Amino acid sequence: MTGLNEIIHQPVRLRIMAVLVTLKEDDAVDFTYLRDLLEVTDGNLGAHLRKLEESNYISINKEFVDRKPRSFISATLEGRRVFKEHVSALESILKNQGGGS
Amino acid sequence: MDLSPREAEDALAVVQMMMDKTRRAISNTGAYIFLIIWGFVWLFGFSANHFLTGETVGYSWMVLDILGGALSVVMGIRLGKKFRRTSINKTGKNIGYFWLLLFVYCGLLLLVVNPVDMKTGAMIIVLFVMIGWIAMGLLLSTTSIWWGLAITALALVGYYLLPGIFYLWMAALGGGGMIALGFYIRSRW
């Protein structure tokens, strides 16, 4: 099926991308906030973020806020495009099922 | 990669659920809280105008303004730590300066006009706040402009037609209106 993306379809990564594409293009979310929102552990989230970053679907920027290091995560334009295609592909699977029955 | 319709449906449900959850989470740390905080300031402040007399009224407003300001700063800091919003960061300082200048000009106007009637002074402050509200609406969210215009109209109705209960009117409709708008924005997400 064209448009389906194996990297994004993994359950945790699908949820990560759903959160990030909901933000405006210039906005980013803090690592701990994302972890709490997804209800995952630091290690689990970190591993999936690395995978998405390697695919250029997200960008991670480390900054100092109140002298403490913080990671801000946002979806890249490529990530948004691929996610949109993935969702469209999922929708077309349902549509085709409806048309075939 | 092949998926069954059931799997596709489940995946889409997860996506929708996370998007809804994110919007709610953003709104929980968003501007609605400031409307609710200042709505309560107006509710109690104007109620103080109606029920109390003398210097107690001034002190009540002073305490409420300090509380409202402190809560707004705390909430603003909490908001800033969770999200990095490039678009807002760029204009955030200008918005702060705008409100500061608006209150300075409001104070200057009150100084020049020196209204003998406290209601007139209150009405001038309400009008300045509503100018700021509408300006913010033009900048950030056009739908909130209508609420600003509605509260202005209600304030004018109270000032001219219901002078006996003007403060109560403003407490209920001005303060209550801001609180209701805050909860409306929250629930809309």
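In what follows, every chain begins at residue 1, and chains take the letters A, B, ... in the order their sequences are listed. Remember, predicted model here, so these are calculated numbers, not experimental data.
When heavy atoms are compared at a cutoff of 4.5 Å, F83(A) approaches chain B solely by way of its side chain, counted from C-beta outward. Proximity to chain B (any heavy atom under 4.5 Å) is shown, for E25(A), by neither the backbone nor the side chain. If you measure heavy-atom distances from V15(B) to chain A, the contacts under 4.5 Å come from both the backbone and the side chain.
With 3.5 Å as the limit, one finds no donor-acceptor pair spanning the side chains of H9(A) and N5(A). Of the N and O atoms on the side chains of S59(A) and T76(A), not one donor lies less than 3.5 Å from an acceptor on the other residue.
Checked for salt-bridge contact, R81(A) and E78(A) meet the test: a charged N lies under 4.0 Å from a carboxylate O.
Relative ring orientation between W42(B) and F46(B) is described as perpendicular, the plane-to-plane angle rising above 60° on a 0-90° scale split at 30° and 60°.
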